[in-house]
Amino acid sequence: MTAYFKNIDKIKYEGKGSENPLAFKYYNSDEKIGGKTMKEHLRFAVAYWHTYQGTGADPFGPGTAVRPWDNIQDPMEIAKAKVAANFELCEKLGVPFFCFHDRDIAPEASTLHETNRNLDEIVALIKEYMKTSEVKLLWGTANAFSNPRYVHGASTSCNANVFAYAAAQVKKAMEVTKELGGQNYVFWGGREGYETLLNTDMKLELDNLGRFLQMAVDYAKEIGFDGQFLIEPKPKEPTKHQYDFDTATVIGFLKTHGLDKYFKMNIEANHATLAAHTFQHELRVSRINNMLGSIDANQGDLLLGWDTDQFPTNIYETTLAMYEVLKAGGFTSGGLNFDAKLRRGSFEADDLVYAHIAGMDAFAKGLKIAYKIIEDGKIDDFIKARYASYETGIGLDIANGKVGFKELEKYALENDQIKNNSGRQELLENILNGYMF
Ligand code: XLS
Ligand code: CA
Ligand code: CA
């Protein structure tokens, strides 16, 4: 069998002191943290699109990536090489899952019929690999945004034929995800948004998006797909106004359309940044609504206003993310998918390995610190004490819905000399630093 990552052996855990760049310093898959192994906690996944489709092209120049399948011409043979490369990479990294868009794994042909045939052929090949490999599919999705037919969106297009085409594509992508044992199915609203209201019927577009998602729910029931449906919020890019702006917007939309019980969130760090939220904020909003499903583990650049999709290396971010995941009770069907791409200057195939090691170590370290923060309880105790006024007396009555404005006016007239306590933000930031270093 051809090896695509020839210079790479299986990546092992060597611990913090190791100077081997091809070893984990923190990710020790079998190490137990609070009763679960790191592998079970973190559920890493490789993202097919950036890892095998990414070329490093940008608006100023073509791709720079040098890849082992560069000398293959036939698109289907390239697709097959990428399947082999995917299983090899996941196994060498010890990454238990991968994720894909339909068009990442098989090339689009000139008719939908032929495109589906290409997909079936590659899915059969992936199934063959899965017979002998432990690598599984975390989630599948449909790319209903790249092809020019989606210029005005997919389910929110002004053109009903495009709505129908997108439905056919998502139907097939769901079938394929089921066939490969995918544990989730993701909806990211590619071009579901608008550029200007001068040409947009916003109400119709949003209603159509709701109808489309309802059709997906109905079809999942019909075929017995029991994976979790996930929605991935993003505020802008590619359209100026994306309908799935952020978690709060998406939850409101799902509730309006009676769909909230069928969906959880797939939170991407870089999308949180674009929405002017922190990654932790998006995870917290999901968690308190019991909708934290999965994570697209990357990071953005605070100095740039676009989706840089960098590999996650910021330990503060990974720590606070894992704090939310642990507080949510851990992942069930979800995981940490590296929706991240190499910088254009990191063009060698081996850079894919270094990048994943960096991301895996950053989340492993984050997990350990987050676990310590929760176990130690200083921060949680502080928060609990800060809201203690709601545990007795008038606060408890407010929380239990026992009082209204009249009772509260009576209380306030008798208790109008207010005393507040400090929020102690700097103290808490220093306590966090104490856990970090
Ligand atoms: C794009 C999104 C996309 C989704 C899957 O910004 O991150 O890649 O994760 O369609
Ligand atoms: Ca993503
Ligand atoms: Ca992104």
Side-chain angles (χ1 to χ4, degrees), residues 44-55 58 97-105 108 137-147 150 153-156 166 169-170 172-174 176-177 182-193 209 212-213 216 227-247 250 263-279 282-283 286 292-302 304-312 314 317 321 334-343 355 359:
F44 289 125
V46 164
Y48 221 91
W49 50 104
H50 289 308
T51 306
Y52 311 109
Q53 300 291 81
T55 61
D58 71 12
F97 297 102
F98 64 104
C99 300
F100 61 68
H101 300 84
D102 48 2
R103 304 299 175 248
D104 302 331
I105 57 169
E108 188 154 4
L137 180 62
L138 187 67
W139 52 260
T141 189
N143 176 339
F145 45 88
S146 294
N147 189 289
Y150 294 120
S155 67
T156 65
Q169 193 181 330
V170 169
K172 180 75 181 169
M174 282 168 58
V176 158
T177 301
Q183 303 193 11
N184 308 269
Y185 185 89
V186 166
F187 292 86
W188 167 61
R191 291 181 194 274
E192 311 294 36
L209 179 57
F212 193 91
L213 295 177
Q228 176 66 50
F229 274 162
L230 301 170
I231 292 208
E232 183 180 326
K234 185 175 184 182
K236 52 189 166 191
E237 221 194 32
T239 68
K240 183 174 172 189
H241 304 273
Q242 294 277 131
Y243 289 133
D244 295 336
F245 189 95
D246 63 358
T247 304
V250 170
F263 289 85
K264 288 187 175 171
M265 298 299 130
N266 182 42
I267 298 300
E268 178 177 319
N270 203 163
H271 297 180
T273 308
L274 293 177
H277 295 311
T278 62
F279 185 19
E282 287 293 84
L283 293 168
S286 307
L292 206 180
S294 201
I295 289 180
D296 270 6
N298 62 13
Q299 68 188 28
D301 187 321
L302 296 179
L304 300 174
W306 64 89
D307 199 12
T308 56
D309 283 344
Q310 290 167 231
F311 273 85
N314 181 327
E317 294 284 300
L336 290 165
N337 165 47
F338 290 113
D339 186 357
K341 62 181 178 218
L342 298 173
R343 297 308 88 192

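Side chains are part of it too, since the values below use all heavy atoms of this structure and drop only hydrogens, waters and symmetry mates. Both ligands and their constituent atoms are indexed starting at 1 by order of listing.
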Quiz item: For ligand 1, does Asn266 get within less than 4.0 Å through its side chain, its backbone, both, or neither, judged by non-hydrogen atoms?
Solution: neither
Self-check item: Atoms of ligand 1, numbered as shown, that sit under 4.0 Å from any heavy atom of Asp307
Solution: 6 (O)
Self-check item: Closest contact, heavy atoms only, Asp102 versus Ala173
Solution: OD2-CB, 4.3 Å
Self-check item: side-chain contact (heavy atoms from CB on, under 4.5 Å) partner of Ile267, the single match among Leu230, Asp296, Asp246, Leu283
Solution: Leu283
Quiz prompt | the Ca ion (ligand 3) - closest N/O/S atom in Asp309 | solution = OD1
Quiz item: So which heavy atom on Arg103 is nearest to which on Glu108, and how close?
Solution: NE-OE1, 3.6 Å
Quiz prompt | Asp296: numbered ligand 1 atoms lying under 4.0 Å from its heavy atoms | solution = 9 (O)
Exercise. Assess Asp339 for proximity to ligand 1: is some non-hydrogen atom of it under 4.0 Å away?
Key: yes
Quiz item: Hey, which N, O or S atom on Glu232 ends up closest to the Ca ion (ligand 2)?
Solution: OE2
Self-check item: Shortest non-hydrogen separation from Leu274 to Gly305 and the atoms involved
Solution: CD2-O, 3.4 Å
Quiz item: Looking at the Ca ion (ligand 2), which N/O/S atom of Asp296 is the nearest one?
Solution: OD2
Practice problem: Specify side chain, backbone, both or neither for Glu237, according to which of its non-hydrogen atoms lie closer than 4.0 Å to ligand 1. | Solution: neither
Quiz item: Got an N, O or S from Glu237 under 3.0 Å of the Ca ion (ligand 3)?
Solution: no
Quiz item: What angle, in degrees and rounded to 10°, do you get at the Ca ion (ligand 3) when you join it to NE2 of His271 and to OD1 of Asp307?
Solution: 100°
Self-check item: Minimum heavy-atom distance His271-Pro235, with the two atoms named
Solution: O-CD, 3.5 Å
Exercise. Please name the pair of heavy atoms, one in Lys236 and one in Lys234, separated by the smallest distance, quoted to 0.1 Å.
Key: O-CE, 3.2 Å
Quiz item: Hey, what's the ring geometry for Phe263 with Phe229, parallel, tilted or perpendicular (30° and 60° as the breaks)?
Solution: parallel
Quiz item: Which class fits the ring pair Phe98 and Phe100: parallel under 30°, tilted 30 to 60°, perpendicular over 60°?
Solution: tilted
Self-check item: Under 3.5 Å: N/O of His101 near N/O of ligand 1
Solution: yes
Quiz item: Do Thr141 side-chain atoms and Phe187 backbone N/O form a donor-acceptor pair below 3.5 Å?
Solution: no
Quiz prompt | Nearest neighbour of atom 3 (C) of ligand 1 from the list Trp188, Trp139, Phe187, on a heavy-atom basis | solution = Trp188
Quiz prompt | Closest Asp339 atom to the Ca ion (ligand 2) [N, O or S only] | solution = OD2
Quiz prompt | Nearest-neighbour protein heavy atom for atom 9 (O) of ligand 1, which is reported as residue plus atom name and distance | solution = Glu232 OE1, 2.6 Å
Exercise. Looking only at protein heavy atoms, identify the closest one to atom 6 (O) of ligand 1 and say how far it is in Å.
Key: Lys234 NZ, 2.9 Å
Quiz prompt | Test of proximity, Thr141 against ligand 1: N or O pairs below 3.5 Å | solution = no
Quiz prompt | For the Ca ion (ligand 3), the closest N/O/S atom belonging to Glu268 | solution = OE2
Practice problem: Measure across Ala272 and Glu282 and return the closest heavy-atom pair with its distance rounded to 0.1 Å. | Solution: CB-CG, 3.6 Å
Quiz item: Okay, side chain of Glu192, backbone of Leu209: is any donor-acceptor separation there less than 3.5 Å?
Solution: no
Exercise. For Glu268, counting its heavy atoms only, list the atoms of ligand 1 lying under 4.0 Å from any of them.
Key: 7 (O)
